[in-house]
Amino acid sequence: MAGGPVHQALADLELVDHHCHGVVTVPLDRPDFEALLTEGGRWPGTTTFDTPAGVAVRRYCAPVLGLERHAPADVYLARRAELGPAEVNRRFLAAARTGVFCVDTGYTPQPLTSPAELAAAAGAVAHEVVAYEVVRLESVAEAVAGRGVDAGGYADAFRSAALDAVRRPGVVGVKSVAAYRTGFVLDPARPSDADVTRAARRWLARGGRLDDPVLVRHLLWTAVDLGLPLQLHTGFGDPDIRLHSVDPAHLTDWLRLIAGTIPVLLLHCWPYQRQAGYLAAVFEQVYLDVGLTLHHVGPARARAVLEEALEITPFRKLLYSSDAYGVAEFYGLGALAFRRGLGELLQDRVDADELALADALRLARWAAADNARQVYRLPDGH
Amino acid sequence: MAGGPVHQALADLELVDHHCHGVVTVPLDRPDFEALLTEGGRWPGTTTFDTPAGVAVRRYCAPVLGLERHAPADVYLARRAELGPAEVNRRFLAAARTGVFCVDTGYTPQPLTSPAELAAAAGAVAHEVVAYEVVRLESVAEAVAGRGVDAGGYADAFRSAALDAVRRPGVVGVKSVAAYRTGFVLDPARPSDADVTRAARRWLARGGRLDDPVLVRHLLWTAVDLGLPLQLHTGFGDPDIRLHSVDPAHLTDWLRLIAGTIPVLLLHCWPYQRQAGYLAAVFEQVYLDVGLTLHHVGPARARAVLEEALEITPFRKLLYSSDAYGVAEFYGLGALAFRRGLGELLQDRVDADELALADALRLARWAAADNARQVYRLPDGH
Amino acid sequence: MAGGPVHQALADLELVDHHCHGVVTVPLDRPDFEALLTEGGRWPGTTTFDTPAGVAVRRYCAPVLGLERHAPADVYLARRAELGPAEVNRRFLAAARTGVFCVDTGYTPQPLTSPAELAAAAGAVAHEVVAYEVVRLESVAEAVAGRGVDAGGYADAFRSAALDAVRRPGVVGVKSVAAYRTGFVLDPARPSDADVTRAARRWLARGGRLDDPVLVRHLLWTAVDLGLPLQLHTGFGDPDIRLHSVDPAHLTDWLRLIAGTIPVLLLHCWPYQRQAGYLAAVFEQVYLDVGLTLHHVGPARARAVLEEALEITPFRKLLYSSDAYGVAEFYGLGALAFRRGLGELLQDRVDADELALADALRLARWAAADNARQVYRLPDGH
């Protein structure tokens, strides 16, 4: 990492990772590890190490395991197996130097660390780590359906279950994956009770994921009623998404309707980081991050993405997240890419006298931690 | 500013600012000044100085007021108050070294300088400044409605009022803010007389802003009949816009229909500057600028935006505008960002022998002034 | 071109140009040459030399003709006329150092070289060049209609003609220009026989280009049945396109439906190269190039476009194409822009120790040739 006081400040700052998932605690064989490296899948005759993220893992994660930079994939995986999951997770989580994790606990197709386990793995003697929880509302709705409810009672049952979920200790926000279910080309208005009942009748009869447009709208409006910050997946992710329909600009009418209510945190955003920046510039309650993006593009392109994300974005509106899932490598890589990308962006502006050093240091602290602390009302020091 | 002959040439050139607004002539308190710094609004607990535009004002505008670079916001505002609006406006307008302003006179929620007053404030002994007028067609239509007209007479009354407006001395073009009213996802065809009458009946009964899709289409086709260059707001602006619907690519079918008629000038464009460049590359009558964008992203990112805006754009098609409104700072900042951004882009290409110096100087003159002179048929030397 | 082993390797590699057209073999006067330089048209009072592509031709192609860099347009054209088309074509095709051309033979508004003639013009003593053919399916369908067919027999006749076409020796793939005919906002499902017959009835009665949405869908599904790689024009091109509707993201639902069948090669992509990269990252069968784009943006911006195209794209998924049409200059320019742009991108990452040299060399070989060889199952060495 290049020198300079902004780089140094970012290296020293403890991050608040406002959106992430747990890590796998069991050994991973090569197919399973490779599958976790990508939003695609594993394809015969290719390896997911041959991607920007895979190259970044070999470059930046190998040394954390005591290997040479650019270690071959099989060497990397052998060493990873040798150290075992607990040690591997500990090393990358420690390398991320993150003081606070806000963990989406609602997506666990495989067993992952709980928030407390994640914090424990990341903690060290001189470094207390806290994990908060973010409640995924689609999982709450699907659990309500799974327990059995009639269509007319769905709205109340969902609201009540959501209220119970967010009142648990340590919950600081909610999340929706509406992007995966319907996209954002939706009627922005709150649906009527009758519409919700009708839609619930169809969905409860059919079963499966919550992907009815009326119920997704109802879920988003229930989030408004809950009063906690709402995280929204936007932009790229796995192939379930239709990318053009998760441009956050499609949320405009809804954002206008909910002005004055809850903070909305646009996650990932790529390749719509400029569109997200526009929304953050004109709607008081909108924030953004480029989590997930940073480790997928890798440190080599993190700065370019951050430059676009910050083109018109107010400096109180950018947050850090890793969106790491499954492999602890992405905690390390996300944090590194963020520190380096933002560090280079700010340091170069200071060096060119575009920005005063004191301002650069302030903006770095805000993005790395303080903006998240403010939005989620986290106690000072965590 | 870096050295080199292209930088020098751009520093020496008098700009033609083909799209701008007047400036406020009364003292501004901090809330009012801050509100004019942003397309969003003022939000409790934050300051619009904490944006890329705000940082650029402290960096580049403070010295124009005799302050240190990066002066704090309160020092900046105190000095601004001390000098008074006339002197502040004079300094920034002089710093912009603009020879011609084309002023949109149709948006005045607060009292602004007239075109003549703007030119007078910008003029100096050795430097004659001329201001032309651009007629905002929505304002013409709304004035027609305000004076009282029946639905069947609306089309003729609007056309007649528009003709009167553009025949006034000094009018060089018209403008539409269709982007704010309906966006560009519109039937491109000229609406029938019967459709216009029906739509006028609805609108005149309802009142308010002209935002009926049929009447907006009618307005755009009336602009074609008027025969003057048409400025179209595209891309970002205040939160009234739905960003995805003001991608200028949505204008394609209409641009195809009006081929061979009036020049169309796509304003702002961000983040769709590449899409605008495509339209300018394939439609003879299409031009673009990145006004508004340049002072919001600031000099630190002006070059990056210009690089994209010029990726495939014919060099006869890029114009300069500030789109400055309200605060004179944006005249200074827009001009500086344009000169520096384009200067760096062209000088680096000359230094890398990608571009001959004589060509670079020609392209700089074209974008800074000559393209606008040609489109608006301005007299030589102005 | 800068030094460094990656640059050198890319300079030494023979390219596989997986998508291109023939070149004109007759002398071109200035209007005809200028028209071939642009996707727009020639407009009175301007020259298409005043574009990024035109500047690149004067800079990079002039020396190939024995002229000074940045030769004026008239000097360039005089020298071109003096050498004659055969020698001009030979020089640029040789300069491209391309070992394999895959030629779209279905678009010939003017007489062009056949694949064999193209290969012969490009060949040299120490350098055997092979040309394969890509069958444009819209041309096949329109030929079927031209020969006379009734609506009920259209589907079988088209399929049979397409099968005949792809069984000709040297055919390695098919292509669709659905982008130009309907765009990609289409029902992704395979149309029913009855729907195809109905649509064929309408089209055969009306005549003209195949632009019926049902028949375009039928064409795309017929491509799936044929089993060969399918090239799809996406992103920018001439003014027949509505740019927003050819964002390849609109293909998502169809790509999901055809998973496990044919390779789909997204051509051009600009300004949606990131969206194309997303599709390549999550769908096994999706590949992309930035052909056409590279010579239009020129070597000065080729790297920037490639950086975005590779942001998350697996390294097995990027191919090279020139999409050169008509003028041989674009073979030379496309190859140069690709070699230089990719060379700078990779060499800088090697220099910054972001990427191991051996990996960079491998990625260069893949993109320059091996990925195309694999997708099209070309014999080794060609």
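The model shown is predicted, which means the values in this text are computed figures rather than measured ones. Naming convention: chains lettered A, B, ... in sequence-line order (proteins, then strands); numbering from 1 in each chain.
A salt bridge does not link R303(A) to E307(C): none of the charged nitrogens lies less than 4.0 Å from a carboxylate oxygen.
Using a 4.5 Å cut-off between heavy atoms, E308(A) touches chain C through its side chain atoms alone. Using a 4.5 Å cut-off between heavy atoms, D348(C) makes no contact with chain A at all.
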Residue pair D359(C), V55(A): steps toward the side-chain contact (heavy atoms from CB on, under 4.5 Å) verdict: CA-CA 9 Å; D359(C) 290 316; V55(A) 160; 5.6 Å; no
Working note: L355(C) + R59(A), criterion side-chain contact (heavy atoms from CB on, under 4.5 Å); need CA distance, chi angles, decisive distance, verdict. CA-CA 7 Å; L355(C) 188 66; R59(A) 163 62 183 86; over 6 Å; no
Worked check of side chain to side chain donor-acceptor pair (under 3.5 Å) between E354(C) and Y60(A): CA-CA 9 Å; E354(C) 289 280 339; Y60(A) 289 105; 2.6 Å; yes
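The greatest number of non-hydrogen atom pairs below 4.5 Å with chain C, out of A304(A), A53(A), P271(A), G54(A), is found for P271(A).
Heavy atoms from other residues, nucleotides or ligands lying under 6.0 Å from CD of Q110(A) number more than 12. Within a 6.0 Å radius of CZ in R377(C), other residues, nucleotides and ligands contribute 12 heavy atoms or fewer.
The CG atom of L310(C) sits 11.5 Å away from atom OG1 of T51(A), with the distance rounded to the nearest 0.5 Å.
Heavy-atom proximity under 4.5 angstrom to chain A picks out nothing from residues 226-244 of chain C. At a heavy-atom separation below 4.5 angstrom, chain A is approached by T252(C), D253(C), R256(C) within residues 251-261 of chain C. Contacts of residues 279-289 of chain C with chain A at a heavy-atom distance below 4.5 Å involve A280(C), A281(C), V282(C), F283(C), E284(C), listed in sequence order. Proximity to chain C at a heavy-atom threshold of 4.5 Å picks out G40(A), W43(A), P44(A), T46(A) from residues 40-49 of chain A, in numerical order.
When each of K317(C), R362(C), R316(C) is checked for a side chain to side chain donor-acceptor pair (under 3.5 Å) with D50(A), only R362(C) meets the rule.
The backbone N or O of A300(A) sits nowhere less than 3.5 Å from a side-chain atom of R349(C) that would complete a donor-acceptor pair.
Contact annotation: the side chain of R274(C) never approaches that of Y272(A) to less than 4.5 Å [non-hydrogen atoms, C-beta and beyond].
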